[in-house]
Amino acid sequence: MIMRRLLMAICIFSAATLQAKQWTTEEVKDAIKKVNTYWQTNNPAEVRSFWDNAAYHTGNMEVYKLLQDKQMLNYSIRWAEHNKWKGATETDPAKWKYKQYGEGQDYVLFGDWQICFQTYIDLYNLKPNKKKVARAKEVMGYEADSKANDYWWWADALYMVMPVMTKMYKLTGDEKYLDKLYANICYSDSIMLDKDTGLYFRDGKYVYPKHKTASGQKDFWARGDGWVLAGLAKVLQDMPKTYKHHAFFVQKFMNLAQGVKKLQQPEGHWTRSMMDPYQAPGYETSGTAFFCYGILWGVNNGYLPKKEYDPVIAKAWDYLSTVALQANGKIGYVQPIGERAIPGQKVDANSEANFGVGAFLLAACEYYRYLQAPKVTLTFNNKSNQQRQEVVEVSWQDICKQLGISSDDDIVIENRLGLEVDYQKTYDDKLLLYTSLHPNGKAVYTVCKGKPSEAKAYTMGKVYPYRKDDLAWENDLGAYRIYGPALQKTGERSFGIDVWVKNTPELVVENRYLMDRYGNTLEDSLRKAGQKVALRDIDNRTSFHYDHGNGMDAYGVGPSLGCGAPALVKNDKLVLPYCYQTYQILDNGPLRFTVKLDFAPNADGITEHRLMSLDRGTHFNRMTVWYDGIKQPMGFASGVVLHGDKSLILGKNYVQYADPTDHPDLNQSQVYVATLFPEGVDETCMQEGELNHGLGIVRNYKGEPYTYYFGSAWSRYDVGSQAQWQVVIDDFFNRLQQPIVYQISNIHE
């Protein structure tokens with residue numbers, strides 16, 4: 001007999017699963033509108049603020065958040081205004097009651113009169129006005145400050161008031177509301193929680209074995225546990241993950257969801273007595289809808305495994321949308337107001353109630369999100385024995401594929417604390433993230449579709465036409481510039497890449513240009529007026545060649561490679577490139593700057609192309625260079641210009657150097673520069689010429705793309721000596737050899 005029933009249950013479940021309608025988000029949205037329109041059309045908004053009406057409005061507010069329908073919003077506003085933004089109205093705290101059930105105006109501390117504050121606070125957040133939350137602050141502040149913790153002696157209160165506490169925390173920033181929430185629920189647990197199942201008895205009267213069903217089983221009331229699961233979902237939605245008891249609430253939510261899952265009926269609903277379907281057999285909507293909402297929220301937010309709870313959701317939604325939802329928009333099979341499963345009580349398609357509609361709306365809104373916004377985890381693994389902080393790359397298309405979104409959609413990335421993390425999508429379809437990882441450690445992020453907050457920029461580049469087409473770019477560690485066609489037209493011989501040192505992570509280049517331009521304007525006026533002393537003073541105060549507190553341009557370039565410019569080698573001499581002819585900025589922060597540069601053909605008809613990028617948190621630019629028009633192999637070189645050669649260090653695949661700056665006696669600092677060749681060179685050497693260079697040279701070069709790195713640091717910032725600069729270089733090579741790897745996976749698996 002038992003096996004036969006089990007097989008029948010499996011068959012019923014399988015049939016229901018196969019026949020269940022596959023809903024679209026638009027169809028769910030239409031169902032929400034239909035249900036809510038039906039309710040609001042047939043029921044006035046001007047009713048009291050007691051729990052049953054207030055429970056409906058928690059659902060209505062969720063609908064407004066989803067649909068932005070002002071007619072639905074106005075219904076809640078009318079209700080709040082009718083009740084003067086209050087629950088129970090007694091003004092004397094000495095008369096406030098809560099220790100037994102009561103509907104009088106003196107039951108101010110009774111949870112059934114406090115659930116209205118959820119909606120008032122939501123309405124306040126949409127359009128702040130002190131009157132909307134004045135009573136909430138008065139009542140809930142009094143409760144939070146009181147010594148009592150026995151306020152929540154029945155399960156319903158955990159939905160009525162727990163979310164009020166977290167909303168009050170968000171409203172005020174005062175953690176006392178979270179602490180009172182924790183103290184109160186610990187009391188509730190002591191009198192109602194069944195530790196074996198994670199479920200709640202409705203109140204102390206129904207605790208087993210003091211109370212049993214007719215067949216001797218534990219009597220867990222579906223709507224009572226529905227209140228709790230839904231309330232915990234709302235709590236976790238607003239509770240900061242850094243709160244000291246956050247894990248307690250997460251575990252409680254997960255335990256309760258697990259207990260609820262086990263007692264779902266094959267048709268998708270939960271019977272009024274969850275563990276004993278024969279106590280009060282038949283459909284019931286309010287408990288089912290609250291369970292559906294809570295489980296959906298848990299899956300959508302990564303607290304419940306999707307694979308495990310998908311079948312529960314499918315069956316519950318099928319019941320709600322095909323049995324509970326009537327053709328005219330009515331929500332039926334709602335058990336009337338009560339506190340237990342009552343044998344023989346009639347519940348049918350015409351059994352409706354305000355709180356049942358609210359529960360359905362909560363579930364439907366969350367089901368819409370469930371269909372709309374999948375999430376994935378993005379895990380980075382550091383395989384090295386070194387601490388790592390750097391920009392990492394992920395395939396944008398891989399993310400889109402996992403999320404089921406288009407390449408043009410926005411995403412939101414959060415860390416394990418639930419805090420949003422800045423990212424960047426690059427021109428070549430990469431997702432960039434700045435991450436920090438312990439040695440052999442990992443970092444895990446959550447990714448979902450959504451509009452991100454505005455990110456802080458750590459890289460930026462721009463062409464400054466008024467400064468002879470300078471192209472300047474920077475990150476949080478350094479800045480660089482090259483020269484444009486306007487400078488070339490003047491005949492000034494400045495070929496290479498200039499270094500602008502800085503000692504702040506803030507972006508400073510544009511302000512330096514503006515200050516220098518302002519100074520030049522004043523200098524022109526003073527020069528015409530013959531005021532040489534004042535002219536010199538203005539130059540000292542505004543020129544970017546002097547340090548005004550955040551760095552300077554004190555690295556001489558002139559007719560050289562500067563720091564890291566490429567050159568061809570012909571007859572053992574450098575064929576120095578002149579200024580770029582055209583540019584295209586491909587990425588411009590917040591985490592990477594990328595620019596493509598094209599040069600005019602040289603005297604031999606050879607055209608140079610460069611692709612340069614600079615990421616947040618690194619001292620080194622990435623350079624890929626290639627040439628058109630090379631007819632026979634030549635030499636290729638890059639390196640750094642030398643102003644004295646005593647500090648030049650030639651490695652097997654790098655050159656590095658400590659530059660004394662333009663005015664060593666004035667600046668008393670060093671600029672550290674280097675060019676790194678991970679793809680290898682045939683030799684590194686010092687080459688003498690009009691200006692000496694430390695070079696890496698590739699022989700028999702035919703113009704194919706070649707990638708190397710160049711960069712700088714300053715002794716007044718994070719690299720205090722050339723020995724430290726060598727450590728930075730060695731570490732960079734190690735990072736290239738042991739790249740951080742990533743894995744994308746479904747968040748619920």
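- Among Tyr708, Tyr709, Phe677, the one residue that satisfies the ring-ring contact (aromatic ring centres under 6.0 Å, His included) test with Phe732 is Tyr709.
- For the pair Arg610 and Tyr580, the cation does not sit on the ring face, since its NZ or CZ is not both under 6.0 Å from the ring centre and inside 45° of the axis.
- For residues 501-510, the side-chain hydrogen bond (donor to acceptor under 3.5 Å, both in side chains) pairs, not counting sequence neighbours, are Lys456-Glu506, Lys462-Glu510, Glu474-Lys502.
- Counting only heavy atoms from C-beta outward, the side chains of Ser384 and Leu437 never approach each other to under 4.5 Å.
- Residues Trp473 and Met612 form a side-chain contact, since some pair of their non-hydrogen atoms from C-beta on lies under 4.5 Å apart.
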What do the steps show when you test Thr24 against Glu26 for side chain to side chain donor-acceptor pair (under 3.5 Å), and what is the final call? CA-CA 5 Å; Thr24 67; Glu26 287 303 311; over 6 Å; no
Scan the side chains in residues 586-594 for donor-acceptor partners under 3.5 Å anywhere in the protein, sequence neighbours excluded, and list what turns up.
unit_1, atom_1, unit_2, atom_2, d
Asp587, OD1, Tyr427, N, 2.8
Asp587, OD2, Thr594, OG1, 2.9
Asn588, OD1, Gly461, N, 2.8
Asn588, ND2, Gly461, O, 3.1
Arg592, NE, Asp615, OD1, 2.6
Arg592, NH1, Glu393, OE2, 2.9
Arg592, NH2, Glu393, OE2, 2.9
Arg592, NH2, Asp615, OD2, 3.0

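- Tyr657 contributes no side-chain N or O that, together with a main-chain N or O of Val640, makes up a donor-acceptor pair within less than 3.5 Å.
- Tested against Pro566, the residues Val625, Leu574, Thr675 include a single side chain to side chain contact (heavy atoms under 4.5 Å, CB included) partner, Val625.
- Around the CD atom of Gln68, the shell of radius 6.0 Å holds more than 12 heavy atoms that belong to other residues, nucleotides or ligands.
- The minimum heavy-atom distance between Thr624 and Pro705, with the atom names listed, is CG2-CB, 4.1 Å.
- Identified under the salt bridge (Lys or Arg N to Asp or Glu O under 4.0 Å) test for residues 710-729, with sequence neighbours left out: Asp547-Arg716.
- Gly556 approaches Val641 most closely through the heavy-atom pair O-CG1, 3.6 Å.
- To the nearest 0.5 Å, atom CZ of residue Arg616 and atom CD of residue Gln389 are 10.0 Å apart.
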Please lay out, stage by stage, how Ser721 and Gln670 fare under the test side chain to side chain donor-acceptor pair (under 3.5 Å). CA-CA 8 Å; Ser721 68; Gln670 290 183 319; over 6 Å; no
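- In this structure, Asp470 does not pair ionically with Lys468, as no charged nitrogen and carboxylate oxygen lie closer than 4.0 Å.
- Counted within 6.0 Å of CZ on Phe248, heavy atoms from surrounding residues, nucleotides or ligands total more than 12; the atom is thus considered enclosed.
- In this structure the side chain of Val698 never reaches within 4.5 angstrom of the side chain of Glu679, judged on heavy atoms.
- Residues Lys401 and Ile744 are not in side-chain contact: their nearest non-hydrogen atoms beyond the backbone lie 4.5 Å or more apart.
- Of all the heavy atoms in Gly562 and Ser560, the pair that sits closest is N-OG, 2.9 Å.
- Between the OH atom of Tyr483 and the CD atom of Gln488 there is a distance of 13.5 Å, given to the nearest 0.5 Å.
- Residues His619 and Val719 meet the side-chain proximity criterion, which asks for heavy atoms closer than 4.5 Å.
- Side-chain contact between Gln397 and Ser407 is present, with at least one heavy-atom pair separated by less than 4.5 Å.
- Thr435 approaches Ala443 most closely through the heavy-atom pair OG1-CB, 3.6 Å.
- Ring geometry for Phe636 against Tyr627 counts as perpendicular: the plane angle is over 60°, on a 0 to 90° scale with 30° as the lower cut.
- In Lys383, the NZ atom is not crowded: 12 or fewer heavy atoms of neighbouring residues, nucleotides or ligands sit closer than 6.0 Å.
- When the options Trp714, Tyr555, Tyr513 are evaluated for a ring-ring contact (aromatic ring centres under 6.0 Å, His included) with Trp500, the one that passes is Tyr513.
- To the nearest 0.5 Å, atom CG of residue Leu576 and atom CG of residue Asn602 are 11.0 Å apart.
- Between Lys652 atom NZ and Thr684 atom OG1 the span is 10.5 Å, to the nearest 0.5 Å.
- A donor-acceptor distance shorter than 3.5 angstrom exists from the side chain of Tyr742 to the backbone of Ser395, with no hydrogens or angles considered.
- Under a cutoff of 6.0 Å and an axis angle of 45°, Arg512 and Phe544 do not form a cation-pi pair.
- Annotation: Lys425, atom NZ; neighbour count of heavy atoms from other residues, nucleotides and ligands within 6.0 Å is above 12.
- Applying the salt bridge (Lys or Arg N to Asp or Glu O under 4.0 Å) rule to pairs touching residues 555-569 yields nothing, sequence neighbours excluded.
- Listed by first then second residue, pairs satisfying salt bridge (Lys or Arg N to Asp or Glu O under 4.0 Å) with a partner in residues 724-734 read Asp731-Arg735, not counting sequence neighbours.
- Asn301 places no side-chain N or O within donor-acceptor distance of the main-chain N or O of Tyr303, the cut-off being under 3.5 Å.
- Considering every non-hydrogen atom in both Gly635 and Tyr701, the closest pair reads C-CB, 4.4 Å.
- For residues 694-713, the pairs satisfying salt bridge (Lys or Arg N to Asp or Glu O under 4.0 Å) are Glu683-Arg699, with sequence neighbours left out.
- Counting only heavy atoms from C-beta outward, the side chains of Val447 and Tyr423 never approach each other to under 4.5 Å.
- To the nearest 0.5 Å, the span separating NZ on Lys596 from OG on Ser613 amounts to 14.5 Å.
- Residues Asp310 and Tyr370 form a side-chain contact, since some pair of their non-hydrogen atoms from C-beta on lies under 4.5 Å apart.
- Shown here for Tyr654 and Gln726, the closest heavy-atom pair between the two residues is OH-NE2, 3.0 Å.
- Side-chain N/O atoms of Thr426 and Asp428 include a donor and acceptor closer than 3.5 Å.
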Phe620 and Trp725: CA distance, side-chain angles, deciding distance, ring pair (Phe, Tyr, Trp, His ring centres under 6.0 Å) verdict: CA-CA 12 Å; Phe620 296 101; Trp725 183 228; 5.4 Å; yes
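- Taking SG of Cys400 as the reference point, atom CG of Leu431 lies at 9.0 Å (rounded to 0.5 Å).
- A donor and an acceptor atom, one from each side chain of Asn300 and Glu366, are located under 3.5 Å apart.
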